[in-house]
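The structure displayed is predicted, hence computed values, not measured ones.
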Amino acid sequence: MSSNSITEKEGSKDNYYVQTVNMDSPAPPTPQMQPYQRTFGNPAPLGMLAYGTVFLCSSILTLASKNVGGQANLVLVFATFYGGISQTLVGMWEMFLGNTFSATVFTTYGGFNLSYGALYLPQIGLASVYSGQDFYNAIGIYLAIWDLITFVFLLGAIRTTAPIVATLGFTVCALTCLSINAFTGNVHFATAGGALGIIASFGAYYGALSLFWTQQTTFSFIRLPPLVTAPSSNV
């Protein structure tokens, strides 16, 4: 047998081999899908705008009660269809986002606006149940209760922002004056309550716009600082 034939046989053996796998080598990484990052909007500006608008409307009508007829009907529209519905929805959204304080405040004032509008609904007939001063005494008790609730909210908001503290503080003062006016009929308390209510509404507007005017929506010279009263690190 010639040497060439031997070389051909050895060459043919080299073409057949067994591929082995190294068990110690790490497995290739499994491709993973990136989790979907869900983003949520901030419902607080809507709630504060609704708060301020209803209070502004009722306060202006209180100051101009002699010149504007049917003011109860106009307050009914604002309080029910804007303040009541909007703030109730904002409260539910805030609860979903985990903001217990905001959810409580907005939902409570949503109920306040709905109930305040219901006072003047002819279908309910609450005003017709009372006669004379009795109706105004009932309104005075009603406003005094909401005054107390607002004061409780004020104590819980001291470490939030200056606009919120100012809004709740002037609301307490306004409701106090309006409640006294309902009991006594003194027009000076009604005037003071209307003026303080306007100040409270502008505080609510400032708080709403400081959250609503952002870097993505408007220029820096238009944006308003939130005016935080106490850093989160301080007790």
Side-chain angles (χ1 to χ4, degrees), residues 38-64 74-75 77-114 116-117 146 149-175 178 192-232 234:
R38 183 183 298 273
T39 58
F40 298 97
N42 186 3
L46 172 60
M48 298 192 72
L49 283 175
Y51 183 100
T53 301
V54 174
F55 217 169
L56 180 63
C57 174
S58 62
S59 298
I60 292 177
L61 291 177
T62 299
L63 295 176
L74 187 59
V75 174
V77 173
F78 274 101
T80 304
F81 296 101
Y82 185 41
I85 297 176
S86 297
Q87 290 188 78
T88 302
L89 291 175
V90 169
M92 297 297 99
W93 296 330
E94 289 283 2
M95 187 68 73
F96 174 77
L97 295 175
N99 302 324
T100 304
F101 179 79
S102 299
T104 305
V105 172
F106 285 124
T107 306
T108 301
Y109 271 100
F112 168 70
N113 286 317
L114 290 172
Y116 189 75
W146 283 106
I149 294 175
T150 306
F151 180 73
V152 173
F153 289 155
L154 174 62
L155 295 179
I158 294 176
R159 297 180 66 245
T160 56
T161 63
I164 294 177
V165 174
T167 299
L168 294 175
F170 282 107
T171 301
V172 169
C173 298
L175 291 177
L178 294 175
L196 292 170
I198 292 176
I199 299 175
S201 65
F202 279 110
Y205 281 138
Y206 186 100
L209 296 178
S210 65
L211 300 173
F212 182 70
W213 288 341
T214 62
Q215 185 178 3
Q216 291 75 26
T217 60
T218 188
F219 298 105
S220 59
F221 65 88
I222 299 178
R223 297 196 298 269
L224 300 175
L227 302 179
V228 178
T229 57
S232 59
N234 295 338

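- Of all heavy-atom pairs between P226 and P163, the closest is O-CD, 3.5 Å.
- Panel note: side chain S86, backbone G83; no donor-acceptor pair is recorded below 3.5 Å.
- Atom CG of N99 sits about 10.0 Å away from atom OG1 of T104, to the nearest 0.5 Å.
- Considering only residues two or more places apart in sequence or on other chains, T171 meets the side chain to side chain donor-acceptor pair (under 3.5 Å) condition with Y51.
- Remark: F151 CZ to C173 SG distance equals 10.5 Å, nearest 0.5 Å.
- V75 has its side chain out of reach of F78: every pair of non-hydrogen atoms, C-beta onward, lies at least 4.5 Å apart.
- Distance check, rounded to the nearest 0.5 Å: CD1 of I199 to CG of L56 gives 12.0 Å.
- Of the inter-residue distances, the one linking T108 atom OG1 with Q87 atom CD reads 10.0 Å to the nearest 0.5 angstrom.
- Rounding to the nearest 0.5 Å gives a distance of 4.5 Å between CD1 of I149 and CH2 of W146.
- When I164, T53, L209, V105 are each tested for a side chain to side chain contact (heavy atoms under 4.5 Å, CB included) with M48, only one passes: I164.
- Remark: F212 CZ is loosely packed, at most 12 non-hydrogen atoms of other residues, nucleotides or ligands lying under 6.0 Å away.
- Partners of F96 under the ring-ring contact (aromatic ring centres under 6.0 Å, His included) rule, at least two apart in sequence or in another chain, are F40.
- The number of heavy atoms from other shown groups lying within 6.0 Å of OH (Y82) is above 12.
- The side-chain heavy atoms of Y109 and V54, taken from C-beta on, include no pair separated by under 4.5 Å.
- Annotation: side chain of I198 is in contact with side chain of L63 (closest heavy-atom distance under 4.5 Å).
- One finds the OG atom of S201 at 11.0 Å from the CG atom of L196 (value rounded to the nearest 0.5 Å).
- When all heavy atoms of A157 and V165 are compared, the closest pair comes out as O-CG2, 3.1 Å.
- Under a 3.5 Å cut-off, the side chain of T218 and the backbone N or O of W213 do not form any donor-acceptor pair.
- You'll find the side chain of L114 reaches within 4.5 Å of the side chain of T80, heavy atoms only.
- Between F55 and T167, every side-chain heavy-atom pair lies at or beyond the 4.5 Å cut-off.
- In this structure V90 satisfies the side chain to side chain contact (heavy atoms under 4.5 Å, CB included) test together with P43, L46, W93, E94, F106, sequence neighbours excluded.
- Of all heavy-atom pairs spanning R223 and Q215, the tightest one is NH1-CA, 3.5 Å.
- L211 and P45 make their closest contact through CB-CG, 3.6 Å (heavy atoms, listed as atom of the first residue, atom of the second, distance).
- Between the T150 side chain and the L168 main chain, no donor and acceptor come within less than 3.5 Å of each other.
- Among all heavy-atom pairs drawn from S59 and G194, the shortest one is CB-O, 3.2 Å.
- Of all non-hydrogen atoms in G197 and A174, the two that sit nearest each other are N-CB, 3.8 Å.
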